[in-house]
Amino acid sequence: MSRRFAVFAALVVVCACAELAAGRGMSPAVLWDVLGGGGDATERHIVFQLRLPRLLVALGAGACLGVAGLVLQSALRNPLAGPEVTGVTPGAVLGAVTASGLGLAGWESPLAVVVSACVGGFVGAGLLWLLAGRGRGDPAQTAVHGVLVSAVLGGLTAMVLLVAPGELGSVVQWLVGTTEGRVWQHWHLLWPWALAWGAVAWLMAGPLTLLRCGDDIAGAAGLSAARARTLALVCAVALTAGAVAAVGALGFVGLLVPHLALAVFGADLRMTLPGAALVGAAVVCGADAAAQLVSQLLAVALDSGRLTLPVGALTACVGAGLLLVVVRRTPSRTF
């Protein structure tokens with residue numbers, strides 16, 4: 001197990017180095033010179049005020065989404081219970097966009113964005129909980145209801161954007177997910193939030209393991225399944241809201257990362273929850289580096305110097321393809 005953690009920690013370092021080197025306007029040689037204490041004022045500003053906070057925010061958001069997805073899938077006993085398809089992420093996006101449209105939140109007030117995203121995430125999760133009714137334990141039913149709730153919340157977000165397009169043009173990035181333009185203020189807001197709720201998730205490793213075994217086994221062990229599930233959902237919504245407030249709605253990260261973490265680190269959630277954080281951080285950071293490289297290639301091919309591919313678009317496309325591959329390779333499995 002320690003070797004597996006070491007391998008993924010090394011992978012995170014590799015992805016972080018690729019992220020730092022993937023930006024425009026600076027060669028890897030110049031980057032190395034700046035990291036060694038050289039470079040002019042402009043180059044140091046690019047590295048330490050733009051690239052480094054962007055890197056840290058990508059790592060933190062990926063860790064949040066990985067842990068949130070694993071908590072949701074464990075609490076609901078549903079392999080498709082990612083934040084993206086349970087109404088949590090769309091609700092958080094709707095909350096942030098609505099608050100921005102009303103002038104209550106914005107990028108200049110990130111704490112207000114987190115609060116509004118949390119409220120929206122809880123609304124989305126609550127709608128799914130009410131709609132699923134007695135079928136909450138059925139993975140297929142919960143997945144279908146989650147898609148319905150997400151579609152409704154996505155439609156409401158589009159309506160808000162249409163009502164005030166001039167005021168809300170800048171928040172379209174929440175709909176796709178991007179790390180573009182992230183600065184130290186976003187990181188200073190994200191890391192204590194992620195650390196606090198990540199610690200809560202890890203302390204719930206035992207109850208979550210029992211919930212994965214079913215409510216009857218959890219009750220026989222003396223656990224109140226309803227209370228434990230409620231706390232788990234609060235934790236997952238808070239982690240998702242923090243990630244959404246920082247980078248927007250990154251598709252399929254919270255859905256697929258838990259499956260990879262369980263395959264690598266096993267069913268002991270005391271190990272798998274930190275593992276999911278490492279895997280999520282590596283996935284988002286690596287995807288952001290790849291998105292920047294693809295943006296440069298597309299800019300050269302299309303002769304467009306301002307072309308930028310959001311990391312959320314890349315994770316959505318790759319994640320959807322991976323999900324289709326998994327489903328086709330395991331046709332007998334009930335999703």
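Tested against Val67 for a side-chain contact (heavy atoms from CB on, under 4.5 Å), the candidates Leu65, Val71, Leu70 yield a single pass: Val71.
Judged purely by atom type and a 3.5 angstrom limit, Trp197 has no side-chain atom pairing as donor or acceptor with the backbone of Val234. Using a distance-only test at 3.5 Å, with no hydrogens or angles considered, a donor-acceptor pair links the side chain of His186 to the main chain of Val183.
A salt bridge (Lys or Arg N to Asp or Glu O under 4.0 Å) check over residues 195-206, counting only residues at least two apart or in different chains, returns nothing. Screening residues 241-267 for salt bridge (Lys or Arg N to Asp or Glu O under 4.0 Å) gives no qualifying pairs among residues at least two apart or on separate chains. Here ring-ring contact (aromatic ring centres under 6.0 Å, His included) pairs that include residues 24-49, with residues two or more places apart or in two chains, number zero.
Proximity of Arg51 to Ile46: side-chain heavy atoms (C-beta onward) are separated by under 4.5 Å at one or more points. The side-chain heavy atoms of Pro79 and His259, taken from C-beta on, include a pair separated by under 4.5 Å.
Here the closest heavy-atom approach between residue Ala246 and residue Val57 is recorded as CB-CG1, 4.1 Å. Closest non-hydrogen pair, Ala241 versus Ala92, comes out as CA-CB, 4.4 Å. Between Leu72 and Ala236, the shortest heavy-atom distance links the atoms CG-CB, 3.6 Å. Of all heavy-atom pairs spanning Ala201 and Leu208, the tightest one is O-CD1, 4.3 Å. Nearest approach of Pro258 to Gly66, heavy atoms of both residues: CG-O, 3.9 Å. In terms of heavy atoms, Ala58 sits closest to Val284 at O-CG1, 3.4 Å.
Summarising the geometry, atom SG belonging to Cys15 is positioned 11.5 Å from atom CG belonging to Leu20; distances are rounded to the nearest 0.5 Å. Atom-to-atom distance recorded for Leu309:CG and Glu180:CD is 10.5 Å, nearest 0.5 angstrom. The structure places SG of Cys64 at 5.0 Å from CG of Leu239, a figure rounded to the nearest 0.5 Å. In this structure, the separation between CG on Leu233 and CG on Leu76 is 5.5 Å, given to the nearest 0.5 Å. Taking CD of Gln292 as the start and CG of Leu297 as the end, the distance is 12.0 Å to the nearest 0.5 Å.
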Under the criterion side-chain contact (heavy atoms from CB on, under 4.5 Å), I'd like the reasoning laid out for Val294 against Leu298: C-alpha separation, chi angles, the key distance, then a yes or no.
CA-CA 6 Å; Val294 172; Leu298 290 177; 3.8 Å; yes

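In this structure, the side-chain hydrogen bond (donor to acceptor under 3.5 Å, both in side chains) partners of Thr179, at least two apart in sequence or on a different chain, are Arg54, Asp288. With sequence neighbours excluded, the residues that form a side chain to side chain contact (heavy atoms under 4.5 Å, CB included) with Val93 are Thr89, Val97, Thr157, Trp174, Leu175, Val244, Ala249. Listed by chain and number, the residues in a salt bridge (charged side-chain N to carboxylate O under 4.0 Å, His left out) with Arg44 amount to none (sequence neighbours excluded). With sequence neighbours excluded, the residues forming a side chain to side chain contact (heavy atoms under 4.5 Å, CB included) with Val149 are Leu127, Leu128, Leu131, Leu153, listed by chain and number.
Environment of CH2 in Trp191: sparse, with no more than 12 heavy atoms of neighbouring residues, nucleotides or ligands closer than 6.0 Å.
Val12 and Leu195 fall within the same hydrophobic cluster, where Ile, Leu, Val, Met, Phe, Trp and Tyr residues are linked whenever their side-chain heavy atoms come under 4.5 Å apart, directly or through other members. Taken together through direct or relayed side-chain contacts under 4.5 Å among Ile, Leu, Val, Met, Phe, Trp and Tyr, Leu55 and Leu293 form parts of separate hydrophobic clusters. By the criterion of side-chain heavy atoms lying less than 4.5 angstrom apart, applied directly or through intervening Ile, Leu, Val, Met, Phe, Trp or Tyr residues, Val47 is grouped together with Trp184 in one hydrophobic cluster. A single hydrophobic cluster is seen to contain both Leu59 and Leu260, as judged by linkage of ILVMFWY side chains at heavy-atom distances under 4.5 Å, directly or through other members.
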Could you list the donor-acceptor pairs under 3.5 angstrom formed between side-chain atoms of residues 34-43 and any protein atom two or more places apart in sequence or on another chain?
unit_1, atom_1, unit_2, atom_2, d
Asp40, OD1, Thr42, N, 3.2
Asp40, OD1, Glu43, N, 2.8
Glu43, OE1, Asp40, N, 3.1

Expected list for residues 262-278: side-chain donor-acceptor pairs under 3.5 angstrom, two or more places apart:
unit_1, atom_1, unit_2, atom_2, d
Asp268, OD1, Arg270, N, 3.2
Asp268, OD1, Arg270, NE, 3.1
Asp268, OD2, Arg270, NE, 3.4
Asp268, OD2, Arg270, NH2, 3.0
Thr272, OG1, Gly266, O, 2.5
Thr272, OG1, Asp268, O, 2.9

Identify every side-chain donor-acceptor pair in residues 310-323 under 3.5 Å, counting partners at least two apart or on other chains, and give the distances.
unit_1, atom_1, unit_2, atom_2, d
Thr315, OG1, Gly251, O, 3.3
Thr315, OG1, Val311, O, 3.4
Thr315, OG1, Gly312, O, 3.0

Could you list the donor-acceptor pairs under 3.5 angstrom formed between side-chain atoms of residues 212-227 and any protein atom two or more places apart in sequence or on another chain?
unit_1, atom_1, unit_2, atom_2, d
Arg212, NH1, Ser74, OG, 3.1
Asp215, OD1, Arg229, NH2, 2.7

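Cluster partners of Leu203, by chain and number: Trp202. The rule joins Ile, Leu, Val, Met, Phe, Trp and Tyr whenever side-chain heavy atoms lie under 4.5 Å apart.
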